Amino acid sequence: MVRTLRPQVVGHEVQSLWTSGKALRLGRPLDTAALKKFAVGGRIVAVRRRAKYVVMDVALPDGTMGTSLVHLGMSGRLRVQPKDQERPAHTHVIWVLKDGREIRFSDPRRFGLVKAARDEAAHEELAALGPDPLSDLSAAYLEAELATSRAPLKAFLLDQSRIAGLGNIYVCEAMFISGLHPALPAHRAKERAAALFEAIQQTLREALVHGGTTLRDFIDSEGHSGQHQHSLWVYGREGDPCHKCQTPVKRKVDGGRSTFFCRVCQKR
DNA sequence: AAAACACCCTGCCTGC
DNA sequence: TGCAGGCAGGGTGTTT
């Protein structure tokens, strides 16, 4: 999302901002006043990613900065479209650009998050996040963290305070690639930390090369689907043959979420 | 400390 | 064709 959004909007001025006023995550109403205060009249100077958050930095006319934060949740989308194009259903925030285009956040399920503050440090959501797997994680750090947890490996990897940015799909994929069972207590995976680290990075890098994974909702800011869903090892493949050993892929549910794995290739 | 579950919300797909 | 049930890439809060 960031890779397609950045070249479209950096350097452009935010003329005005509109919100639906509807509540997003946890019933929290959109803070329209803050979203305006930290963007309107300013120039977008950077679009970045921190874990699963899209971070947009704006240089304001009074010389100060503003930082807007977007989490797409399950069904959130960011699109850049001309203002006269029909807006997507369930649009909740629009940054109107001076050149006649608009950045539109839509989110049917409203599990997403959009907020703004003075800077990144003022967003408490970001403070509790662990290292990013592609830039700040090392095999040594992962090994040390694994050693401190008895939780099932899958729960450990989904915990954003341990490692930030892995979701259900990529956790399933990384566990398959490294041959680790989702129920394995985290501390018992410590000897395999290097393999797990490599699997996590490989999974994310390949997904990025393929433009993301589109199962239902994901499209980038230009409206293109990802292609990585065609390269998944186990996710969504219940009953289909394992790509390594042909054993049917298993699905189990824990904590209300599906886990896909191969009971032959992934040892406890 | 950690697991299990409910919950926020809409859309889509399946089976009856 | 309609309806009910199940499912969904996330995160938080409560209970066990």
Side-chain angles (χ1 to χ4, degrees), chain A residues 1-2 20-30 49-54 69-78 88-93 105-115 123-130 133 145-176 181-189 200 203-204 206-208 210-220 224-239 251-261:
Chain A
M1 185 63 80
V2 166
S20 69
K22 291 236 179 84
L24 295 180
R25 183 188 298 179
L26 283 192
R28 234 178 281 161
L30 282 165
R49 181 187 64 78
R50 173 78 182 97
K52 298 180 186 176
Y53 292 88
V54 178
L69 203 62
V70 177
H71 192 303
L72 301 176
M74 301 273 258
S75 58
R77 291 174 168 179
L78 284 167
H90 305 286
T91 294
H92 295 295
V93 181
F105 172 79
S106 64
D107 186 8
R109 294 182 73 182
R110 288 196 258 141
F111 288 177
L113 180 75
V114 184
K115 63 196 280 277
H123 288 291
E124 63 274 14
E125 290 84 355
L126 301 180
L129 294 172
E145 276 292 295
L146 285 166
T148 68
S149 172
R150 309 176 73 80
L153 182 60
K154 191 196 179 197
F156 173 93
L157 292 172
L158 283 173
D159 183 345
Q160 303 297 299
S161 69
R162 298 275 190 179
I163 303 171
L166 294 175
N168 205 24
I169 299 175
Y170 300 141
V171 162
C172 290
E173 294 293 293
M175 289 187 299
F176 175 82
H181 196 284
L184 182 71
H187 68 101
R188 288 187 44 211
I200 289 168
T203 300
L204 293 176
E206 286 181 6
L208 281 167
H210 291 147
T213 306
T214 300
L215 296 181
R216 292 166 197 80
D217 298 312
F218 176 73
I219 52 170
D220 67 25
H224 300 124
S225 298
Q227 294 303 318
H228 191 62
Q229 62 278 13
H230 304 303
S231 304
L232 295 170
W233 288 95
V234 284
Y235 192 90
R237 300 191 59 248
E238 181 181 19
R251 179 174 89 98
K252 70 184 185 101
V253 177
D254 23 39
R257 335 193 71 117
S258 292
T259 305
F260 297 88
F261 66 105

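Owing to the predicted nature of the structure, the values given are computational and were not obtained by experimental measurement. First the proteins, then the strands, lettered A, B, ... as listed; each starts at 1.
- Here the options are Lys115(A), Arg25(A), Arg50(A), His71(A), the test is side chain to side chain donor-acceptor pair (under 3.5 Å), and the partner is Glu125(A); only Lys115(A) passes.
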side-chain contact (heavy atoms from CB on, under 4.5 Å) between Thr203(A) and Trp233(A), worked out:
CA-CA 10 Å; Thr203(A) 300; Trp233(A) 288 95; over 6 Å; no
Should Ser231(A) and His210(A) be marked as a side-chain contact (heavy atoms from CB on, under 4.5 Å) after you check the CA-CA gap, both sets of side-chain angles, and the distance that decides it?
CA-CA 9 Å; Ser231(A) 304; His210(A) 291 147; 3.3 Å; yes
side-chain contact (heavy atoms from CB on, under 4.5 Å), that's the test. Do Leu146(A) and His187(A) meet it? Break it down for me.
CA-CA 5 Å; Leu146(A) 285 166; His187(A) 68 101; 5.9 Å; no
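- In this structure, Ser75(A) contributes its side chain and Arg109(A) its backbone to a donor-acceptor pair below 3.5 Å.
- Side chain of Arg110(A) to backbone of Ala23(A): a donor-acceptor contact under 3.5 angstrom is found.
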Would you mind writing out the side-chain donor-acceptor pairs for residues 152-160 of chain A within the sub-3.5 Å range, not counting sequence neighbours?
| from | atom 1 | to | atom 2 | distance (Å) |
| --- | --- | --- | --- | --- |
| Lys154(A) | NZ | Asn168(A) | OD1 | 2.8 |
| Lys154(A) | NZ | Ser258(A) | O | 3.3 |
| Lys154(A) | NZ | Thr259(A) | OG1 | 2.8 |
| Asp159(A) | OD1 | Ser161(A) | N | 2.9 |
| Asp159(A) | OD1 | Ser161(A) | OG | 2.7 |
| Gln160(A) | OE1 | Gly165(A) | N | 2.8 |
| Gln160(A) | NE2 | Leu158(A) | O | 3.0 |
| Gln160(A) | NE2 | Leu166(A) | O | 3.0 |

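- Comparing dA1(B) with dG11(C), their P atoms sit 22 Å apart, to the nearest whole Å.
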Watson-Crick and G-U pairing of DNA chain B, under 3.5 Å, as dot-bracket with | and [ ]:
.|||||||.|||||||
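- You can see that DNA chain C meets the heavy atoms of chain A within a 4.0 Å-exclusive cut from dC7(C) to dT12(C), reading 5' to 3'.
- Following rounding to the nearest Å, Leu153(A) (CG) and dA3(B) (P) show an atom-to-atom distance of 11 Å.
- Counting to the nearest Å, the P atom of dT10(B) and the CG atom of Leu215(A) are 22 Å from each other.
- Of the possible donor and acceptor atoms, one in the side chain of His181(A) sits under 3.5 Å from a partner among the backbone N and O of Ala183(A).
- Residues satisfying the salt bridge (Lys or Arg N to Asp or Glu O under 4.0 Å) criterion with Glu238(A), sequence neighbours excluded, are Arg251(A).
- dT1(C) and dT10(B) have their P atoms separated by 26 Å, given to the nearest Å.
- Of the two residues contacting DNA chain B, namely Arg216(A) and Ala155(A), the nearest-nucleotide position lying further toward the 5' end is that of Ala155(A).
- Rounded to a whole Å, the CG atom of Asp217(A) is 14 Å from the C1' atom of dC13(B).
- On the P atoms, dC5(B) is 14 Å away from dC7(C), given to the nearest whole Å.
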At a cut-off of 3.5 Å, list every protein nitrogen or oxygen paired with a nitrogen or oxygen from nucleotides 5-9 of chain B, distance to 0.1 Å.
| from | atom 1 | to | atom 2 | distance (Å) |
| --- | --- | --- | --- | --- |
| dC9(B) | O4' | Arg109(A) | O | 3.3 |
| dC9(B) | O3' | Arg110(A) | NH2 | 3.3 |
| dC9(B) | O2 | Arg109(A) | NE | 3.1 |

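- In this structure, Leu126(A) and Leu69(A) have side chains that are in contact, with non-hydrogen atoms separated by less than 4.5 Å.
- Using modelled atom types, one finds no donor on one side chain facing an acceptor on the other under 3.5 Å when comparing His228(A) with Thr213(A).
- Within the nucleic acid shown, Arg251(A) comes within 4.0 Å of sugar-phosphate atoms alone, with no base atom in reach, counting heavy atoms only.
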Check the pair Tyr235(A) / Gln229(A) against side-chain contact (heavy atoms from CB on, under 4.5 Å), numbers first and verdict last.
CA-CA 9 Å; Tyr235(A) 192 90; Gln229(A) 62 278 13; over 6 Å; no
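- When heavy atoms are screened at a 4.0 angstrom cut-off, Tyr235(A) is found touching the sugar-phosphate backbone but no base atom.
- Looking at every heavy atom in both residues, Gly167(A) comes nearest to Lys52(A) through CA-NZ, 3.5 Å.
- Between Leu72(A) and Asp217(A), every side-chain heavy-atom pair lies at or beyond the 4.5 Å cut-off.
- Heavy atoms of Arg150(A) sit under 4.0 angstrom from primed sugar atoms or phosphate atoms, though from no base atom.
- Nucleotides dA2(B) and dG9(C) place their P atoms 24 Å apart, quoted to the nearest Å.
- When the P atom is compared between dC9(B) and dC3(C), the two are found 23 Å apart, to the nearest whole Å.
- Proximity of residues 69-77 of chain A to DNA chain C (heavy atom under 4.0 angstrom from any strand atom) is restricted to His71(A), Gly73(A), Met74(A).
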